[in-house]
Colleague: 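Sharing a structure here in structure tokens format.
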Amino acid sequence: HLLTPTTHLLTPTTHLLTPTTHLLTPTTHLLTPTTPLLTPTTPPAYLVLPILYLVQTEKCLPSYLQSNDVLGNGSLGFDVMVLSYKEACDNPPLRHVHYFLNSNTTWTTGRNLLFEAAMNRNKNYLYYVFMDGDIVLIDLKNSNPWRKFEAFLRSVEPAIAAVDLVQDNNFLKMVRDVHRDRQCSREEEDYISCVWFDAIFNAFHYNAVHRILPYDSTYDKLSWYASQMAVIARSEVLFRGQVVLHTQVVGENREHRQYPKSLEFSHKMFETWLSGLVEKHVPPNHVQCANVYVNLWKTMEGLHGWNSSSMCLPPPPPHDIIEPGLYACA
């Protein structure tokens with residue numbers, strides 16, 4: 001079963017059971033977050049619903065994540081769920097932080113445990129933010145990056161939002177170079193459309209999360225990158241033009257562990273995932289739409305989609321309708 005992992009996070013050589021959920025299964029799952037019922041007198045969801053942070057860490061949240069400036073102050077409109085994958089946290093828990101232990105997980109299956117626990121919560125959230133416990137957020141304009149990102153989620157409401165990593169060869173700079181070279185530069189904006197995004201810090205809107213997750217752990221034994229490639233493929237097909245990268249908040253990954261990480265294998269699987277998703281979700285009579293995705297893999301360089309038409313799409317307007325295929329033919 002997908003949510004019964006048998007591989008320890010730090011022991012990538014052990015065997016992993018074949019999961020029962022595959023990327024190309026129907027995109028609607030039983031674990032579907034409840035859409036809030038709004039009346040004309042109810043404030044919009046983006047003003048009232050909290051955000052849920054979902055974190056994987058060895059034992060307890062690192063001390064900097066527990067600070068009031070980061071995740072330590074629950075009065076700021078968020079809750080936190082933590083999967084401890086090595087030892088149970090024995091610190092007195094903060095009121096808005098919930099811990100649980102499972103020491104037999106991969107990165108992928110650990111995130112799926114968090115996903116299942118989040119969907120089973122009797123509480124509505126605006127965003128589900130999946131993150132690794134070793135990430136540090138940095139605001140390029142020197143304000144609080146956590147509050148800035150939360151304010152961005154509430155003011156814009158993209159389907160999916162991510163941050164650049166400072167050690168990823170300055171990926172954000174490369175995106176801007178592509179925009180400038182193709183005359184679609186929007187350097188002054190706080191967010192831009194993207195195809196590829198790192199898994200370390202991803203926010204999924206409540207209308208998108210159950211269509212993208214759970215993660216596909218089929219190939220964990222070969223590469224832990226593969227499950228994120230599957231998320232990228234599904235995000236591009238279902239929410240093309242509504243996946244954004246913040247241009248002012250970036251992340252830094254300060255710890256690096258050993259695990260299966262074959263990029264070559266992930267690249268090979270991406271084309272298979274993408275074509276299967278196009279066949280499933282793009283009507284066959286929409287040749288133009290299908291060609292957008294068929295050509296995506298052929299034009300991708302290092303999975304970043306430099307030459308893809310998706311890279312030049314304008315970012316979604318604030319509070320846009322979050323609906324699969326809304327910009328499929330754009």
Side-chain angles (χ1 to χ4, degrees), residues 46-47 49-55 62 64-65 67-73 76-78 80 125-205 208 228 231-232 235 239-254 304-306 310-320 322:
Y46 62 84
L47 291 180
L49 289 182
I51 291 168
L52 180 61
Y53 287 97
L54 299 148
V55 190
Y64 72 90
L65 287 182
S67 69
N68 286 338
D69 287 341
V70 185
L71 301 181
N73 187 353
L76 297 177
F78 57 81
V80 184
Y125 292 96
L126 182 66
Y127 278 92
Y128 297 83
V129 183
F130 290 81
M131 56 179 280
D132 294 348
D134 57 356
I135 190 174
V136 175
L137 291 187
I138 302 167
D139 181 10
L140 299 180
K141 292 189 175 180
N142 298 318
S143 62
N144 185 312
W146 298 86
R147 305 295 84 84
K148 188 169 190 172
F149 193 81
E150 292 162 2
F152 157 71
L153 293 179
R154 294 188 184 281
S155 63
V156 177
E157 268 197 290
I160 301 165
V163 300
D164 184 26
L165 283 181
V166 293
Q167 65 264 47
D168 263 359
N169 300 315
N170 206 344
F171 175 65
L172 190 56
K173 179 181 181 300
M174 291 190 283
V175 171
R176 284 174 165 167
D177 289 344
V178 171
H179 282 183
R180 182 171 54 253
D181 293 344
R182 295 172 59 187
Q183 298 182 341
C184 59
S185 179
R186 292 176 286 272
E187 294 191 18
E188 300 305 315
E189 297 188 356
D190 290 338
Y191 60 100
I192 56 177
S193 298
C194 67
V195 178
W196 182 91
F197 52 99
D198 193 275
I200 196 169
F201 191 84
N202 296 168
F204 298 92
H205 191 273
Q228 181 67 6
V231 166
I232 291 171
S235 300
F239 295 106
R240 179 175 184 260
Q242 295 185 293
V243 182
V244 301
L245 195 68
H246 202 285
T247 61
Q248 299 301 321
V249 176
V250 298
E252 183 178 3
N253 181 8
R254 296 187 173 178
H304 296 124
W306 302 132
S310 299
M311 293 291 286
C312 248
L313 286 176
H319 310 300
D320 198 13
I322 297 178

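For clarity, every value in this text was computed on a predicted model and none was experimentally measured. By convention here, the first residue in the shown sequence is residue 1. Below, all heavy atoms of this structure are taken into account, side chains as well, without hydrogens, waters or symmetry copies.
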Colleague: How far does CD1 of Ile322 sit from CD of Glu157, to the nearest 0.5 angstrom?
Modeller: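 Result: 5.5 Å between the selected atoms.
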Colleague: Going by side-chain contact (heavy atoms from CB on, under 4.5 Å), Trp146 matches just one of Asp139, Leu76, Leu65. Which one?
Modeller: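 Only one option passes, and that is Leu65.
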Colleague: May I ask you to decide if the ring planes of His246 and Phe149 are parallel, tilted or perpendicular, using 30° and 60° as cut-offs?
Modeller: tilted
Colleague: At their closest point, which heavy atom of Val70 faces which heavy atom of Arg147, and how far apart are they?
Modeller: O-NH2, 2.7 Å
Colleague: Checking Asp198 side chain against Ile200 main chain: does a donor-acceptor pair fall under 3.5 Å?
Modeller: yes
Colleague: How are the rings of Tyr128 and Tyr125 set relative to one another: parallel (under 30°), tilted (30 to 60°) or perpendicular (over 60°)?
Modeller: perpendicular
Colleague: Any chance you could measure Thr247, atom OG1, to Lys141, atom NZ, to the nearest 0.5 Å?
Modeller: 7.5 Å
Colleague: Can you tell me how far apart CZ (Phe78) and CG (Leu52) are? Round to the nearest 0.5 Å.
Modeller: 11.0 Å
Colleague: How many angstroms lie between atom CG of Asn144 and atom CG of Asn142, to the nearest 0.5 angstrom?
Modeller: 11.5 Å
Colleague: Measure the shortest side-chain to side-chain distance between Glu252 and Ile135 over non-hydrogen atoms and say whether it is less than 4.5 angstrom.
Modeller: no
Colleague: Do you know which two heavy atoms are closest between Val163 and Val250, and how far apart they sit?
Modeller: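 Minimum heavy-atom separation between Val163 and Val250: CB-CA, 4.3 Å.
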Colleague: Where is the tightest heavy-atom contact between Pro158 and Leu153, given as atom of each residue plus distance?
Modeller: CD-O, 4.3 Å
Colleague: Using every non-hydrogen atom in the two residues, find where Gly133 and Pro62 come nearest and quote the distance to one decimal.
Modeller: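 The pair with the smallest heavy-atom distance is O-CG, 3.3 Å.
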Colleague: With side chain to side chain contact (heavy atoms under 4.5 Å, CB included) as the test, would you mind laying out the steps for Val249 and Phe201 before giving the verdict?
Modeller: CA-CA 11 Å; Val249 176; Phe201 191 84; over 6 Å; no
Colleague: Would you call the rings of His319 and Tyr46 parallel, tilted or perpendicular, where under 30° means parallel and over 60° means perpendicular?
Modeller: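 Answer is parallel, since the angle falls under 30°.
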Colleague: Test Gln248 against Tyr191 for side chain to side chain contact (heavy atoms under 4.5 Å, CB included), laying out the working first.
Modeller: CA-CA 8 Å; Gln248 299 301 321; Tyr191 60 100; over 6 Å; no
Colleague: Could you pull out the closest heavy-atom pair between Ser67 and Tyr64, with the gap in Å?
Modeller: OG-O, 2.8 Å
Colleague: Heavy atoms, side chains only, cut-off 4.5 Å: are Lys148 and Leu137 in contact?
Modeller: no
Colleague: Between Pro316 and Val156, which heavy-atom pair has the shortest distance, and what is it?
Modeller: O-CG1, 4.5 Å
Colleague: Does the side chain of Pro315 come within less than 4.5 Å of Ile192's, by heavy atoms?
Modeller: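 Ile192 vs Pro315: side chains apart.
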Colleague: Working note: Phe204 + Leu54, criterion side chain to side chain contact (heavy atoms under 4.5 Å, CB included); need CA distance, chi angles, decisive distance, verdict.
Modeller: CA-CA 11 Å; Phe204 298 92; Leu54 299 148; over 6 Å; no
Colleague: Indicate yes or no: at least one non-hydrogen side-chain atom of Val129 is less than 4.5 angstrom from one of Glu150.
Modeller: no
Colleague: Within the side chain of Asp164, is there an N or O that forms a donor-acceptor pair under 3.5 Å with the backbone of Leu245?
Modeller: no
Colleague: Is any side-chain heavy atom of Asp134 less than 4.5 Å from a side-chain heavy atom of Asn253?
Modeller: yes
Colleague: Distance check, rounded to the nearest 0.5 Å: Asp190 atom CG versus Phe152 atom CZ?
Modeller: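 So the gap between those two atoms works out to 8.0 Å.
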Colleague: Atom CD1 in Ile232, atom CH2 in Trp196: separation rounded to 0.5 Å?
Modeller: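 Going from the CD1 atom of Ile232 to the CH2 atom of Trp196 covers 6.5 Å.
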